[in-house]
Every structure is written in structure tokens, then in C-alpha cells.
Amino acid sequence: MKVIIVGATGAIGGVILQHVLRRNDITQVIALTRRPLPNNNIPNKKVENVIIQDFGDLENVQDETWEKIQGADAMVWSMGTYDLNEDVNLKYPLTFQEDFAKRLLASSRKREGRRDKFRFILLSGAFVEPDQSRRLYFLWDQRRMKGVLQTKTIEFAEAHRDVWEALIIRPGGILFGGGTFLNKATECVFGRSLAIRGEELGAFVADLVVSGSQQPIIENSEMVERGRKLLHEAV
Ligand SMILES: NC(=O)c1ccc[n+]([C@@H]2O[C@H](COP(=O)([O-])OP(=O)(O)OC[C@H]3O[C@@H](n4cnc5c(N)ncnc54)[C@H](OP(=O)(O)O)[C@@H]3O)[C@@H](O)[C@H]2O)c1
């Protein structure tokens, strides 16, 4: 299986990349970034780092670049910012889905014989709000904007259901650094529905890439449970 990780230079994308690389059933990984991955993040011959310098200018992306990524079976979109950047948090992922799906459809003959649809996994968040009329008391603009992305991503998959499926992951606060005292205390305070360790999220997403999900929207507690089980089984 071949998978693309968009935003692999980020904290969350980096963890997902590490866990995807541990899977034997994932044989090729494209880290799709706007700048080269640091060398120590490419520990594995399975990874190829493909650069798109400006995700706002996909028209000028070379055919050679599209050809490298087109043969993929799945993509994890983990690009994002913590501010109100509409380009990064809304426009880029939607435009990329449209352009990429168009190319998949154009090359559908090459995909004949493939078992599965293309699997698009969107990193969203537990506080992201798809309901645009709901009253929110903090970070309302960011949460609503990412809610629009969630809704449009699902609508896009429904409109292209022959070739495309979308899975939305909604983690709460992601805790990096393993079982530190602070992480354990945070887990106690926020519980399974609002906190997840980086390694749990990474193991879960790597498995989601391969196994998919019956439900298109996946909340934090399910990721914690499944991530822990996968980590336990891997020991
Ligand atoms: N931390 C949490 O608990 C949590 C939970 C749920 C959701 N989230 C969301 O997850 C997203 C990613 O978080 P993170 O902690 O991984 O952030 P991060 O470490 O800042 O990584 C962001 C990623 O997005 C890329 N990116 C940003 N602007 C870009 C642009 N204009 N063009 C191309 N790539 C761009 C970055 O590339 P460069 O390295 O080149 O800058 C990097 O790969 C955020 O939107 C955040 O709100 C976070």
C-alpha cells in the first residue's frame, strides 16, 4: 500500500509518519511537504519526500510531481495552523482534493483492478464545529472554519463515492513525549474524550490508513482505545 502524508514536517504529521513507517503492509510513503524533511526524519527507504513549494499554486505543479503521488491508495492531510489562516485550513485542502481526484478520475483506467477507493483522512479536531449556527464561547472563528472543511470534505466524498472516501479524525489535545507526569495528569483531568498521546494517535492513524473505518467521523475516545490496543499488541 502506498500512502501520502501531507504536513509531515509538523508535530502531528511527524508522529503519523513514524507510525506509518512501522507498518509492513504500507510499503511506500510519500511525505508531501513545502520544504524538505530534515534528514533524520527520513530513516527509511520506504519514504520519498516530494515537495510542493506553494499549495496555493497547484496549477504550476509539474506533471512529474503529480505522477509520483497519483499511484497512492490513501492520504493523510495533517497540514494546518492554530490561527485563522483560511488558505491553509480551508482552501488548500479543498483545492487539493478536487485537483487530485480529477487526476485520479482521468487515470481511472490505471486504477482498474484496485480493490479500494482512494482513502482521504482529514486531521480535524474535537472542538471543530460543523454547525455554523451554534453559539460558541471560545475560538469560534477557527472552529467554524474547520467545521466547514469537515462538512465540505464529507460532501466531496459523497459526490465522488465511486473513487473516493473521506474519514475525519477529531482528536482532542495531543500529548507528546510519552508517559511523563504532566501527560498522565492531563489524561486524568481531561479523560479519554479530550486527550490522546501522540503515539496512540500515530498507531491509530497508521491502522486507519490500512483498515479504514465503518464510521466516517472518528472521535478521540475511539482513537485512544484503538491506539492503545494497537500499541499493546505491537509489544
Ligand atoms: N495539537 C493538538 O492537540 C491538535 C489537536 C487537533 C487538531 N490539531 C490541528 O492539527 C493541525 C496541525 O497541528 P501541528 O501541531 O502538527 O502543527 P505544526 O507542528 O505547526 O505543523 C503544521 C504542518 O502544516 C504545514 N503547513 C503550515 N502552513 C503551511 C503552508 N502555508 N503550506 C504548506 N504547509 C503548511 C507545516 O509545514 P512547515 O513545517 O513547512 O511549516 C507543518 O507540516 C493544526 O491545524 C491544529 O489546529 C491540533
Side-chain angles (χ1 to χ4, degrees), residues 4-20 29-42 47 49-61 65 69 75-97 99-100 121-130 136 138-150 153 167-178 180 182-183 186-187 189-202 204-205 208 217-224 227:
I4 304 165
I5 314 286
V6 179
T9 48
I12 302 172
V15 168
I16 293 171
L17 175 64
Q18 299 305 322
H19 283 267
V20 154
V29 181
I30 304 277
L32 189 56
T33 55
R34 64 172 164 176
R35 60 187 173 91
L37 277 179
N39 280 341
N40 56 359
N41 279 5
I42 315 182
V47 189
N49 189 195
V50 174
I51 309 285
I52 291 184
Q53 271 169 357
D54 183 359
F55 279 80
D57 186 20
L58 294 182
E59 278 181 14
N60 284 320
V61 172
T65 304
I69 62 177
M75 176 185 302
V76 182
W77 189 278
S78 58
M79 179 202 293
T81 63
Y82 290 84
D83 61 10
L84 251 183
N85 185 328
E86 196 173 331
D87 282 344
V88 177
N89 297 303
L90 187 60
K91 190 177 139 208
Y92 291 176
L94 291 177
T95 311
F96 197 91
Q97 288 180 65
D99 284 20
F100 192 74
I121 299 172
L122 175 69
L123 169 65
S124 184
F127 295 107
V128 167
E129 183 51 70
L136 304 176
F138 64 97
L139 293 174
W140 46 87
D141 288 334
Q142 275 105 315
R143 292 166 63 195
R144 283 200 191 107
M145 187 167 63
K146 289 185 179 183
V148 173
L149 174 61
Q150 175 175 318
T153 296
L167 301 174
I168 315 288
I169 55 170
R170 294 171 47 92
I174 300 165
L175 309 172
F176 296 101
T180 60
L182 189 60
N183 283 351
T186 309
E187 281 168 330
V189 174
F190 291 100
R192 282 188 181 203
S193 56
L194 285 181
I196 183 166
R197 292 198 194 175
E199 60 271 27
E200 292 164 352
L201 179 74
F204 172 81
V205 175
L208 188 66
I217 298 176
I218 304 149
E219 301 291 348
N220 195 77
S221 52
E222 186 183 339
M223 288 187 268
V224 170

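Basis for what follows: all heavy atoms, side chains included, without hydrogens, waters or symmetry-related copies. Atoms within a ligand are numbered from 1 in the order they appear, just like the ligands themselves. Model, not experiment: these values are computed from the prediction.
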Check whether any side-chain heavy atom of [X] sits under 4.5 Å from a side-chain heavy atom of [Y], and report yes or no.
X: F100; Y: I4; answer: yes
X: L17; Y: L37; answer: yes
X: Q142; Y: N89; answer: no

Testing the basics here: between [X] and [Y], what is the closest heavy-atom pair and its distance to 0.1 Å?
X: V88; Y: P93; value: O-CD, 3.3 Å
X: A126; Y: L194; value: CB-CD2, 4.3 Å
X: R192; Y: N220; value: O-ND2, 2.6 Å
X: G13; Y: S78; value: CA-OG, 3.2 Å
X: E199; Y: G178; value: OE2-CA, 3.6 Å
X: T9; Y: P36; value: CG2-O, 4.4 Å

Would G7 count as a polar contact of ligand 1, with the cut-off being nitrogen or oxygen pairs under 3.5 Å?
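There is such a contact, yes.
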So, regarding I174 and ligand 1 (criterion: nitrogen or oxygen to nitrogen or oxygen, under 3.5 Å), is there a contact or not?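 Between I174 and ligand 1 (N or O atoms, distance only) the closest approach is under 3.5 Å.
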How far is [atom] from the closest protein heavy atom, and which atom is that?
atom: atom 22 (C) of ligand 1; result: G80 O, 3.3 Å
atom: atom 43 (O) of ligand 1; result: T9 OG1, 2.7 Å
atom: atom 29 (C) of ligand 1; result: R34 CZ, 3.5 Å
atom: atom 25 (C) of ligand 1; result: M79 CG, 3.7 Å

Lys/Arg N to Asp/Glu carboxylate O, E219 vs R170, below 4.0 Å: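 Answer for the salt bridge query: yes.
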What part of [X], side chain from CB on, backbone N/CA/C/O, both or neither, has a heavy atom under 4.0 Å from ligand 1?
X: Q142; answer: neither
X: D54; answer: neither
X: R35; answer: side chain
X: I12; answer: both

Can a non-hydrogen atom of A126 be found less than 4.0 Å from any atom of ligand 1?
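Under 4.0 Å: no for A126.
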Would K146 count as a contact of ligand 1 if the rule is a heavy atom under 4.0 Å away?
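Per 4.0 Å heavy-atom rule, K146 contacts ligand 1.
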Heavy-atom distance to atom 1 (N) of ligand 1: which of Y92, W77, Y82 wins?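 The residue whose heavy atom sits nearest atom 1 (N) of ligand 1 is Y82.
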Return the option from S124, G10, S78, A11 holding the heavy atom at the smallest distance from atom 12 (C) of ligand 1.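 The nearest heavy atom belongs to S78.
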Any protein heavy atom < 4.0 Å from atom 20 (O) of ligand 1: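 Looking at atom 20 (O) of ligand 1, one finds that no protein heavy atom lies closer than 4.0 Å.
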- Query: Is a donor on one side and an acceptor on the other found under 3.5 Å between the side chain of R143 and the backbone of E129?
  - Reply: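 Side chain of R143 to backbone of E129: no pair is present.
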For F55 and W77, take the angle between the two ring planes, folded into 0 to 90°, and tell me which bin it lands in: parallel under 30, tilted 30 to 60, perpendicular over 60.
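Plane angle over 60°, so perpendicular.
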Within a distance under 4.0 Å of any heavy atom of [X], pick out the atoms of ligand 1 and give their elements.
X: G172; value: 3 (O), 5 (C), 6 (C)
X: G173; value: 3 (O)
X: L123; value: 10 (O), 11 (C)
X: F55; value: 33 (C)

